[in-house]
2 protein chains.
Amino acid sequence: MASTVGREEKQVLAAYLVRHRLKRSAQREAILDAFLRAGRHVSVEELLGIVRKKRADIGRTTIYRSLKLFKDAGLASELTYGGEARFEPLWNRDHHDHFICGTCGEIFEFKSPEIERIQETIARRIGFVIEGHRHHILGRCRKCTTKAARAGPRRT
Amino acid sequence: MASTVGREEKQVLAAYLVRHRLKRSAQREAILDAFLRAGRHVSVEELLGIVRKKRADIGRTTIYRSLKLFKDAGLASELTYGGEARFEPLWNRDHHDHFICGTCGEIFEFKSPEIERIQETIARRIGFVIEGHRHHILGRCRKCTTKAARAGPRRT
DNA sequence: TTGGATGCAAATGTTTTGCAGAACT
DNA sequence: AGTTCTGCAAAACATTTGCATCCAA
């Protein structure tokens, strides 16, 4: 069953390694596997915890280096929120933006081809070549606004 | 001439201080003044440099604390880019988003009421209350793409 | 006089780097 | 054999905090 997760990503990584004359390693594969299984928006610390359940000997440094590698290979993207970096798988995923709840930290994804299109238009106008973007909308999710309302109005 | 910069912002700060029973200080005024004059997107380190030209005795810590205060008072907004926080004046400025050039670091602003509207619509749909957003488009500005092309095609 | 504000130094938390040994090609 | 990779410890950063002192109200 392990082999059914992220087949394609593993190939992408392997190709990247060959192309750049880098070497394979068991650690990288374990980390990639954990990263892909973890779902989205993991921090380094979280990923380290997950990985170490399988292989307790893997070091924090290797997580950092692997995530950087995954980014370079186009497999991961980084989003910084609240003082620490978080990463999410990038491969084969629709492009999307993020709603981030400032109370519970939950991240909701959304996408809007319309927004993408507008961006492109503006970029063309100023001669800017888009390579990526980070669109984070900050606020309160339904759950947290409801909870706050139930708790009574806030004093100012 | 000094008194003609940021009159309104100074009033906003003063009002905030009174409302929260905080005290005025020469440092804060010097920092606010420098912040407003500095133009946009200053880092703590840059602002410290600017402020110290006028008052060499101001400490880094005070810059941090003042910028936090300005944020709380609604005078500044923070955007994290490249591992360090940057701040820009918020008061009386149109809301805008950012194009950031990955080569020269230049930041171009743009705004799109259309994008704002789309965001609002989506937020309403998922029950999310928007408090702010960070929309950073990363890429290459016209100057840098031209320079790169002139330098000849890149080898891969 | 009281409590907030400041600046230094120390602490914190995250990410990077130096290095010796292990692993890969 | 020759590199790259790894993990530890140390270093490097950006940011925050403790504290004695200063200053505004």
Side-chain angles (χ1 to χ4, degrees), chain A residues 10 13-35 41-73 76-87 105, chain B residues 10 13-35 41-52 54-73 75-87 105:
Chain A
K10 281 165 190 166
L13 180 60
Y16 183 89
L17 294 179
V18 170
R19 218 164 351 106
H20 293 260
R21 273 164 253 270
L22 303 176
K23 293 172 180 171
R24 305 186 341 102
S25 83
Q27 287 90 327
R28 278 178 186 162
E29 281 174 23
I31 294 169
L32 179 57
D33 196 68
F35 176 56
H41 314 124
V42 277
S43 67
V44 170
E45 217 48 39
E46 285 165 1
L47 188 55
L48 180 65
I50 297 168
V51 167
R52 281 194 168 162
K53 280 182 193 158
K54 288 273 177 187
R55 300 206 30 169
D57 59 324
I58 288 183
R60 182 177 282 97
T61 308
T62 304
I63 305 280
Y64 277 101
R65 291 195 272 228
S66 296
L67 285 170
K68 179 164 189 325
L69 177 71
F70 299 165
K71 267 202 321 189
D72 292 343
S77 77
E78 183 175 351
L79 70 114
T80 310
Y81 181 62
E84 72 176 350
R86 296 190 156 263
F87 296 81
Chain B
K10 282 166 190 167
L13 181 61
Y16 183 89
L17 294 179
V18 170
R19 216 162 356 102
H20 293 260
R21 273 163 253 270
L22 303 176
K23 293 173 180 170
R24 308 184 340 102
S25 83
Q27 286 89 328
R28 277 178 186 162
E29 282 175 23
I31 294 169
L32 179 57
D33 196 68
F35 177 54
H41 315 124
V42 276
S43 67
V44 170
E45 217 49 39
E46 285 166 1
L47 189 54
L48 180 66
I50 296 169
V51 168
R52 281 194 167 162
K54 287 272 177 188
R55 299 205 30 169
D57 59 322
I58 288 183
R60 181 178 282 97
T61 309
T62 305
I63 305 280
Y64 276 102
R65 290 195 272 228
S66 296
L67 284 170
K68 179 164 188 324
L69 176 71
F70 300 165
K71 268 201 323 188
D72 293 343
L75 289 170
S77 78
E78 183 175 352
L79 70 114
T80 309
Y81 181 63
E84 71 177 350
R86 296 189 155 263
F87 296 82

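Reckoned from all heavy atoms, side chains included, excluding hydrogens, waters and symmetry mates. Residue numbers start from 1 in every chain, and the chains themselves are labelled A, B, ... in the order their sequence lines are given, proteins ahead of strands.
Counting non-hydrogen atoms under 4.0 angstrom, A:A85 reaches the backbone sugars and phosphates but no base. Across all strands, B:T61 comes closer than 4.0 Å to base atoms (heavy-atom distances). Using a 4.0 Å heavy-atom distance criterion, B:R65 is classed as a base contact.
Whole-Å rounding puts the B:F87 CZ to D:dT15 C1' distance at 10 Å. Distance, A:Y64 OH to D:dA12 P: 17 Å, rounded to whole Å. Taking atom CD1 of B:I58 as the reference point, atom P of D:dC23 lies 13 Å away to the nearest angstrom. Summarising the geometry, the separation between OH on A:Y16 and P on D:dC5 is reported as 10 Å, rounded to the nearest angstrom. Here D:dG7 presents its P atom at 7 Å from CD1 of A:I31, a figure rounded to the nearest Å. If you take NZ of A:K23 and P of D:dT4, they are 6 Å apart, rounded to a whole angstrom. Between B:D57 atom CG and D:dT21 atom P there is a gap of 18 Å when expressed in whole angstrom units. Between the P atom of D:dT21 and the CD atom of B:Q27 lies a distance of 18 Å, rounded to the nearest Å.
Heavy-atom nearest nucleotides on DNA chain D were determined for B:L22 and for B:R60, and the one closer to the 5' end corresponds to B:R60. Mapped onto DNA chain D by nearest heavy atom, B:A26 and A:G59 fall at different nucleotides, with A:G59 at the one closer to the 5' end. The residue among A:S25 and B:S25 whose nearest nucleotide of DNA chain C lies closer to the 5′ end is B:S25.
Among A:H20, A:R19, A:R24, the one residue that satisfies the side-chain contact (heavy atoms from CB on, under 4.5 Å) test with A:L22 is A:H20.
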Worked verdict on B:R28 versus B:L17 for side chain to side chain contact (heavy atoms under 4.5 Å, CB included): CA-CA 11 Å; B:R28 277 178 186 162; B:L17 294 179; 3.6 Å; yes

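Judged by distance alone, the side chain of B:R52 and the main-chain N or O of B:I58 form a donor-acceptor pair under 3.5 Å. Remark: the backbone N or O of B:S43 is paired with a side-chain donor or acceptor of B:E46 at under 3.5 angstrom. In this structure, B:S66 contributes its side chain and B:T62 its backbone to a donor-acceptor pair below 3.5 Å.
At a threshold of 4.0 Å, the pair B:D33-B:K10 counts as salt-bridged, since one of the basic side-chain nitrogens sits closer than that to a carboxylate oxygen. Salt bridge status for A:K68 with A:E78: absent, with no side-chain N to carboxylate O gap under 4.0 Å.
Along DNA chain C, read 5' to 3', the first and last nucleotides having any atom under 4.0 Å from a heavy atom of chain B are C:dG3 to C:dA9.
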